[in-house]
Asks: 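Quick one: structure below, then a few questions.
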Amino acid sequence: MGGTLYDKLWDAHIVRPGENGEDLLYIDRQLVHEVSSPQAFRALGEAGRGLRRPETHLAVADHAVPTRGRDGAPTDPVAAAQVAELEANARDFGVRYHALTGEGHGIVHVIGPEQGFTLPGITLVCGDSHTTTHGAFGALAFGIGASECGTVMASQCLVQKRAKTMRVELVGTLPGWVSAKDVALALIARIGADGARGFAVEYAGPAIAAMDMAGRMTLCNMTIEAGSRIGLVAPDDVTFAYLEGRPGTPKGVDWDKAVRHWKGLASDSDAEFDRIETLDVSALDPHVTWGTSPDQGAPVGEHVPDPALAATGERDRIVRALAYMGLEPGMKLFEIAIDRVFIGSCTNSRIEDLRIAARVATGRTVSPGVRAMVVPGSAATRAQAEAEGLADIFRAAGFEWRDAGCSMCVAMNDDRLAPGERCASTSNRNFEGRQGQGGRTHLMSPASAAAAAITGHIADVRTLMGQG
Amino acid sequence: MEPFTRVTGPAFSLDEDNIDTDVIYPARFLTITAREGLGAYAFADRKLDLGGAPVLVAGANFGCGSSREQAVWALLGAGVRCVIAPGFGEIFASNCLRNGVLPVVLDRETVEGLHRSAQAGNVFTVDLHGCTVQAGEAAPVGFAIPEPQRQALLNGWDETASILARDGEAIEAFEARQRQTQPWLWR
C-alpha cells in the first residue's frame, strides 16, 4: 500500500518516534507575530536560552497594527507596546523582522508564500490557527499555541500526534463567480465545524488541478474551520510557477534539485485514506453564512433556517445563532441588509481576490449607508493592486483603501464593528464578537462581498453581473 | 507548569457546543502580553462568572477556532484546572496540557449527566492518578488520557526542557541528514 502525502511529510520529519503516534517532529520554519510570541520570547529569556536556528524564523506584526496612518506606531498604547516588544525581541534574538513601513510587511500567511519563506516539503508552524494556509504548497503547516512557539524557538522540535487522513476530492469545474471560498463554506456546512477534527485533509481532483495558488491557499486556510489543523495540496507546476524567483526560494542548481524533490511529494495512487469526501463543484452556488459558526452557511439563494424544522440536536444552536445575528427564521438571505463590508484577511486578501472584487466594483458605487473597506494582505499586494489600477477602482466606487494587516478579521486594531452592526466579510470566522463586540458577520467570497457592498444587502453576484 | 494531581470543588456548567476561543477570550484583550491576570477577561462578552469553580463542564468542540493560548491562561486565571467536554478544539487541548489544565474527553451522554450534576451544585473531584471524575455521590467515571501527557501533567514537566535534556543528539542527527538531502533549506 502506498503512502499519503501527509504521511510522507510526517515520516520525513520524525526526530524520535514516540508512543501512540506521538512523535517528536523537526520544525523547519516558524512565522512569528506580535500576539503569540512575547510570552515565548520571555520564557526563553528567563531560561537563559537562545534560538536554536534564528534564521528559520520570520517575524512581522500583523494582528494589532493600524491599517491607516502607517507611518506611525499604533495609537492604542497597549498595541504599540506589543508591536515594540516584537521588534525588540526580533533584534535581541536575531530574527528577521519585516517592519510596518517596509515592503515585506503583511499578514504572516500572505507574506510567507509571497517571500518564498513557505516551501513544499517543509514543516512550518506559527502561533496562529490559520497556518493551515501554507499546506497549499505541500508543506506540513499547522497552528500552535504560544508555549509551543517557545519550544520550537529553543529546540526546533515539537511533540505532535499523527492525525488520520481525509481526502477531499473536488470534481467538476467551478462555475463563473464561484470560488474556493464558496467551496470551503459548502464543505464546512456539509461536514460541520468539527467534521474534520483529528484528520489531516488533502484536497485533490480536477478542480484543484485547475485552481490557482490563491484559491488553494483560501481552501487550506479555511480547513481549521472544519476543525482540522492540516490542509494540504500536493505541489505541482502551478506551485512551482508561483514560487520560482521569489526572494526565499532556492536558486540555480538548488532550484532544480528542489523541484525534483518536490515532485515526489504526492499521495501514491494506491494510498489509503481514512475518509474520503467528494464534492462536485460544477453546480455550486455562491455560499454565505447566516449564523455564528462557519458551518452555519447556505447557498445565497436559500433562506435562514427555521429551528422548528431542524433536527432536535441542532435546534438550540440555530435559535441561539439567530438571536445573536438578529435574523428571523425563514427570511431570504437576499433580504439581509448590511452595514459594513470587509474585503481582506489571510483568507481572501491576495491580488487574485482583489482583482475579482474590483471587477464587481468597476463602474459601480457602494450603496448609500454602507461602509466598505479593502485591506490588502501585504504591502506588496497593495503596491501591485495600485499598479494594476485596482485601488483606483475601489476608491472611485467608494471603498476605503487601507494598508495591510489582519484588520477587521480579528478586530484587534480600531477596525471593528459597533454592537449590532452587520458585515459582509471575506474573513474566516463569524463567531460572536469576532469583528467587534456585538458585531454580526456573514462570511462570503470577495465577489459576493463586493456585490453586497454595491447592493446594500446579501446578493448573488451573478445576478448583479448579468449572469444569473 | 503547576502539576495536576487532583482537584475538588464546584463545577461550572456551560452546556453549549462550539464555544470558540473568541468567546472564551475576546480578541480585543489580545494586545495584553502578560500570561497572568487574565482571569477577569474569561467569557467577558458573555458576562459569565465562573465563581472560582475549578472544573468547567462544556459542550462539544470546546475551544475551537483561534490558537490563542490566552484562552487557557484566562480560564486558569479564573481558577479552572479541568475542562470536561465531548470533544475539544485540538490546539486548545494542546495548550491546556502545557499549562497544567486537564482536558477530559467523555461521551456526550456522560457529559450531559455531569452538566445536570454541576447545575445541581454537586462537588466534583477529578483525580489524575486514578483517571476518574466523581460528581457528588455518583459512581466515579473513568477517562482516558495518553500516558506521556498524564505523566507530564502529574509532574508539571516543561516540554522544552524535556526535549533539550533528552533529544539533543537525535536533533543533531536529523539536521545532519537534512543538510544532505535538502541542502537548499540550509543556505
Side-chain angles (χ1 to χ4, degrees), chain A residues 15-16 18-20 22 24 26 28 35-36 38-39 43 47 49 63-64 76 78-79 81-82 85 119 121-122 127-129 143-148 150-151 154-157 159 193-194 197-198 224 227 229 250 254-255 257-258 261 293 317 320 410-412 416 429 431-434 437-438, chain B residues 1 15-18 20-23 26-35 44-46 60-61 64-73 87-92 94-95 98-99 146-149 158-164 166-168 170-171 173-175 178 181-185 187:
Chain A
V15 171
R16 177 182 48 74
E19 298 167 44
N20 308 317
E22 299 215 355
L24 184 69
Y26 194 79
D28 294 313
V35 179
S36 52
Q39 311 83 1
R49 297 181 183 124
H63 281 63
D76 171 1
V78 185
Q82 187 176 41
E85 188 166 344
L119 294 176
I122 63 170
D128 189 284
S129 61
I144 57 176
S147 295
E148 290 180 300
T151 301
S155 72
Q156 213 73 30
C157 288
V159 175
D194 62 352
R197 195 180 60 213
I224 184 70
R229 294 173 75 182
D254 270 353
W255 172 258
K257 267 195 224 166
H261 178 80
S293 172
R317 257 190 97 201
R320 264 195 300 267
V410 66
M412 279 183 65
R416 57 180 72 162
R429 290 182 173 143
F431 297 160
E432 288 177 22
R434 173 75 181 188
Q437 191 179 0
Chain B
M1 68 183 180
D15 192 4
E16 187 178 329
D17 291 348
N18 297 311
D20 56 74
T21 52
D22 276 82
V23 168
R28 64 183 181 281
F29 305 119
L30 284 174
T31 49
I32 303 166
T33 58
R35 307 168 49 132
D45 291 343
R46 288 289 189 98
N61 206 23
C64 60
S66 156
S67 64
R68 63 190 67 166
E69 201 160 320
Q70 285 84 353
V72 177
W73 298 330
F88 292 95
E90 289 183 23
I91 308 176
F92 174 83
S94 158
N95 288 338
R98 285 164 177 83
N99 288 280
E147 191 55 21
Q149 297 173 358
D158 171 73
E159 184 180 27
T160 307
S162 303
I163 292 172
L164 292 176
R166 187 184 52 189
D167 297 305
I171 297 170
F174 180 94
E175 290 179 336
Q178 198 191 51
T181 55
Q182 297 180 67
W184 59 88
L185 296 179
R187 304 280 190 238

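Labels below follow one simple rule: chain letters A, B, ... track the order of the sequence lines, proteins then strands, and each chain is numbered from 1.
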Asks: Under 4.5 Å from any heavy atom of chain B, what part of R317(A) do you find: side chain, backbone, both or neither?
Replies: side chain
Asks: Which answer fits S36(A), side chain, backbone, both or neither, if we ask what part of it has an atom under 4.5 Å from a heavy atom of chain B?
Replies: neither
Asks: When you check the gap from the basic side-chain N to the acidic O, do R429(A) and D20(B) get nearer than 4.0 Å?
Replies: no
Asks: Pick one of side chain, backbone, both or neither for E175(B), based on which atoms fall under 4.5 Å of a heavy atom in chain A.
Replies: side chain
Asks: Looking at G89(B), P183(B), G87(B), which one has more heavy-atom pairs under 4.5 Å with chain A than the rest?
Replies: G87(B)
Asks: Do the charged groups of R320(A) and D17(B) touch, with an N to O distance under 4.0 Å?
Replies: no
Asks: Among residues at least two apart in sequence or on other chains, which ones pass side chain to side chain donor-acceptor pair (under 3.5 Å) with T151(A)?
Replies: T160(B)
Asks: Could you pull out all residues at least two apart from Q82(A) that satisfy side chain to side chain donor-acceptor pair (under 3.5 Å)?
Replies: none
Asks: Is it the side chain or the backbone of A64(A) that comes within 4.5 Å of chain B heavy atoms, both, or neither?
Replies: side chain
Asks: Could you tell me which portion of F92(B) (side chain, backbone, both or neither) has an atom closer than 4.5 angstrom to a non-hydrogen atom of chain A?
Replies: neither
Asks: Where on N61(B) is there a heavy atom nearer than 4.5 Å to chain A: the side chain, the backbone, both, or neither?
Replies: both
Asks: Does the side chain of Q182(B) come under 3.5 Å of the side chain of D28(A) through a donor N or O and an acceptor N or O?
Replies: no
Asks: Considering only heavy atoms, which portion of A161(B) lies under 4.5 Å from any heavy atom of chain A: side chain, backbone, both, or neither?
Replies: both
